[in-house]
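Lettering follows sequence order; numbering is per chain, from 1. Note that the coordinates shown come from a computational prediction; the quantities given were computed from them, not determined experimentally.
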Amino acid sequence: MYDSHIQILDSLNDAQRAAVTAEAGNRLVLAGAGSGKTRVLVHRIAWLIQVDGVRPWSLLAVTFTNKAAREMRTRIEAILGEPVGGMWVGTFHGLAHRFLRAHWNDAKLPQQFQILDADDQFRMIKRMLKSLNLDEARWPPRVVQGFINRHKDNGLRASHLDSGGDVIQQRMIQLYQEYQQLCERAGAVDFAELLLRTHEVLRDRPDLLHHYRERFQHILVDEFQDTNAIQYAWLRLLSGDADNLFLVGDDDQSIYGWRGARVENIQNFPLDYPNTQILRLEQNYRSTGNILDAANALIANNPTRLGKNLWTRQGTGEPIRRYVAFNEVDEARFVVERIRHFCQDQGLCRSDCAILYRTTAQSRLFEESLIQAELPYRVYGGQRFFERLEIKDSLAYLRLVSNPDDDAAFERVINLPARGIGPRTVDVLRAQARETGSSLWRSALAVLSTATLPTRASGALRRFVELITQMQQGRDGADERELPDLFQDVIQATGLPAHYEKAKDGKGIERLENLEQLVEAARRFAAEAPADDLLASFLAHAALEAGEAEADDHVDSVQLMTLHSAKGLEFHTVFITGIEEGLFPHGMSIGEPARLEEERRLCYVGMTRAREQLYLTYAESRRMHGREDYPMPSRFFRELPPELLEEVRASGVSRAGRVSKKSAAAANARANPVALAGGFYLGQQVVHPKFGQGVVLNGEGSGSSARIQVNFESAGMKWLVLTYARLKTIE
DNA sequence: GATTTCCTTATTAAG
DNA sequence: TAAGGAAATC
């Protein structure tokens, strides 16, 4: 027992220790940036299990991302030295999904219910609008989707809403209702529905609620400031009056209000639960004193906060540096030049340097500069694996195999690849489905049994139905070993590989590789996660965990990302760029105090990512949306103590104006050739018979699979397989 | 059914 | 400016 005390508490400071060893009761741990938040959560759980003798089975730990959930489990097991079974650790959505799978019957869902991701939901809404003959310009699918999700996030059904006589509102409510019916018919559950449905079942079933309340003696929540209304309601319901909530979060790092998070949840928690003990973790282990002082000063401008002041035992460190760029090109040039200098002359790793920006569009300038400087880089937040077109297409087939009533999947692949089932035929199916209130699949079967369709269409439809039926037979009796085989067979039978190969978007090879990866993912899943219905659980896994957003490369690279994706990370040197009124704070947020405060918190998050060096830059002129802007420096500069800031003087070069990027790249390439693939080198000028003139930017592979990426002047960025592309070089 | 042209729009993004 | 979507056209 004593040994476990030492092991768990040894490395903690007093505040962390107080949180870890707190007696049962509602605790709100305000964990500042870099104060060891995850560590407290992990050690708290270890403490409960090892010292208080709490059974893992009675613990519930909730996070926002799968990554955080995995990390938590791994770290707990590392401390305890053994796997902890029975503990529920996961995301709100993951746990809700688990609950609904266990209680599908009580939730009035089909056992094979499918999860719709945001994209599926969007498509479904679009189809619905079309079938109702509504003009998308007047009823934008995005807006309808936002309406539905916002209300679900707030725990409201269409029947709870009142139009107040407003015609538009009235129609929105009707669309919400209609959409929900479509979901029920298809046995589909969107992300917000997972939470809402779980909440309703628990609320309406005292016996189930009692069971889970008895079971979960301790509820621990990470990033509590990011919870939305339904998530908070769910926590309250589950906790009852047990006073067993251990919440960790930081109201100053709440940056997701726009997707439903309510800072009020954390700010008002002590009012909702007056017996709450608040613990503050204010010692920061990451940044220098100057960085923390500046961040503290900035965030002090937010009137509504619980209040917290970060401090460190480390020295003051270097001043924060500000660079006023001539324009956005100069800004990128400056940042990249500094990074090159740090890496070459001061021995920093490229991955120690992060370039942060408010909007994704800003990344391009930096990428171009980095390419010119020949510095490898990595952009966070690209498309994720399970979101790729070819993956979603294939999964749609598998979804039909698992549940043929899945209308979203049905519509996606009914004519993909093209098999002669046109809009006319699909319209007939839709009409039939609406009339009989059944799924498209059933409607197809019904239509085929009558002579409604022309012979040609009917033949095509019959072949499609047979195709799916055949796939279903292939699935029957499939066990763990066969899941990858099933995937392989289904993918082949769809004809999708040939379809992608034919497409001339230059992505054919990549798509085929991804399909192979999908089979590989099925293989791993079958080996690691045995379940009674492997296919269904794989599909759920694909929806709930879309995979990593950043390309994993092993090369040491400069890190590029939005301020939002930087949350939770840290770097030796951080550049926050584009700090201008209208861009940061963003124009859409200025004018609304609550949103402006969130922009300020975002800036605070960005600043506290830096360990040693922090650079803040803005441009006096910026080309945006095709016009030249002359933005004001951001108000955030005025909120920083001037004595902590050091101005970096512009070098003469920066004032030279806009240098032609093409000529600079070409000059660089001639002086310093970097071989890429098939004898082409970086920056080389080439001519394509169809696309015209362009510059070589990237390359990979060799022999017949060698391909290069070319930025064409008129045709834009293309990947070209050298075997096919008849490229000429220009000297 | 694919390709071209026109038109609109322009934060942030996990599950 | 440029990207993405939808109508228009081959």
Check your understanding: Are any side-chain N or O atoms of A:Thr577 and backbone N or O atoms of A:Leu356, one a donor and one an acceptor, separated by less than 3.5 Å?
Key -> yes

Exercise for review: Between B:dT11 and C:dA6, how far apart are the C1' atoms? Round to whole Å, please.
Suggested key: 24 Å

Exercise for review: For B:dA13 and C:dG4, measure between their P atoms and round to the nearest Å.
Suggested key: 15 Å

Point to revise | DNA chain C-proximal residues of residues 574-606 of chain A, any heavy atom under 4.0 Å | key: none

Review point. When all nucleic acid strands are considered with a 4.0 Å heavy-atom cut-off, which category describes A:Phe64: base, sugar-phosphate, or nothing?
Key: sugar-phosphate

Check your understanding: Hey, does A:Ala192 reach any base, or is it just sugar-phosphate, or nothing, if we go heavy atoms under 4.0 Å?
Key -> nothing

Separation of [X] atom [atom1] from [N] atom [atom2], in whole Å?
X        : N      : atom1 : atom2 : value
A:Arg142 : B:dT11 : CZ    : C1'   : 13 Å
A:Gln121 : B:dA14 : CD    : C1'   : 14 Å
A:Asp135 : B:dT8  : CG    : P     : 13 Å
A:Lys67  : B:dA13 : NZ    : C1'   : 15 Å
A:Gln145 : B:dA13 : CD    : C1'   : 12 Å
A:Leu195 : B:dA14 : CG    : P     : 16 Å
A:Leu544 : B:dA13 : CG    : P     : 20 Å

Please work out whether the ring planes of [X] and [Y] are parallel, tilted or perpendicular, with thresholds of 30° and 60°.
X        : Y        : answer
A:Tyr256 : A:His564 : tilted
A:His151 : A:Phe147 : perpendicular
A:Phe464 : A:Phe410 : perpendicular

Point to revise | Among A:Asp533, A:Leu395, A:Ile115, the one residue meeting side-chain contact (heavy atoms from CB on, under 4.5 Å) with A:Leu539 | key: A:Leu395

Short N-O contact, [X] and [Y], less than 4.0 angstrom:
X        : Y        : result
A:Arg127 : A:Glu411 : yes
A:Arg595 : A:Glu599 : no
A:Asp226 : A:Arg259 : no
A:Arg150 : A:Asp153 : no
A:Asp250 : A:Lys37  : no

Exercise for review: Verify the neighbour count for atom CZ of A:Arg236: are there more than 12 heavy atoms of other residues, nucleotides or ligands below 6.0 Å?
Suggested key: yes

Exercise for review: Name the residue closer to the 5' end of DNA chain B, choosing between A:Thr360 and A:Asn66 according to the nucleotide with the nearest heavy atom.
Suggested key: A:Thr360

**Study point:** Residue of the set A:Glu581, A:Glu328, A:Glu580 for which salt bridge (charged side-chain N to carboxylate O under 4.0 Å, His left out) holds with A:Arg622
**Key:** A:Glu580

Review point. Between A:Glu193 and A:Arg157, does a salt bridge (charged side-chain N to carboxylate O under 4.0 Å, His left out) hold up when you go through it step by step?
Key: CA-CA 10 Å; A:Glu193 185 73 22; A:Arg157 293 289 179 191; 2.8 Å; yes

Review point. Is the NZ or CZ atom of A:Arg601 positioned over A:Tyr604's six-membered ring, under 6.0 angstrom from the centre and within 45° of the axis?
Key: no

Give me, pair by pair, the N or O atoms of the protein and of nucleotides 1-3 of chain B that are less than 3.5 Å apart, along with how far apart they are.
from: B:dT3; atom 1: OP1; to: A:Lys504; atom 2: NZ; distance (Å): 2.3

Check your understanding: For DNA chain B, what is the dot-bracket line, given that a base pair needs Watson-Crick (N1 to N3, plus N6-O4 or O6-N4) or G-U wobble (N1-O2 and O6-N3) geometry with both distances under 3.5 Å, and | means paired with another strand?
Key -> ||||||||||.....

Review point. Along nucleotides 1-10 of chain C, 5' to 3', which nucleotides get a B, which get an S, and which get a -, given that the test is a protein heavy-atom distance under 4.0 Å?
Key: BS---S----

Review point. Residues from residues 248-262 of chain A sitting under 4.0 Å of DNA chain B, heavy atoms only?
Key: A:Trp258, A:Arg259

Study note, to complete from the structure: Tightest non-hydrogen contact, residues A:Ala396 and A:Val413, listed as CB-CG1, 3.6 Å

Practice item. Identify the two heavy atoms, one from A:Phe113 and one from A:Arg101, that lie closest to each other, and give their separation to 0.1 Å. Key: O-NH2, 2.7 Å

Review point. Looking at residues at least two apart in the chain, or sitting in another chain, which of them share a ring pair (Phe, Tyr, Trp, His ring centres under 6.0 Å) with A:Phe92?
Key: A:Phe64, A:Trp234

Exercise for review: Tell me whether the OP1 or OP2 atom of B:dT12 has a side-chain N or O from A:Ser565 closer than 4.0 Å.
Suggested key: no

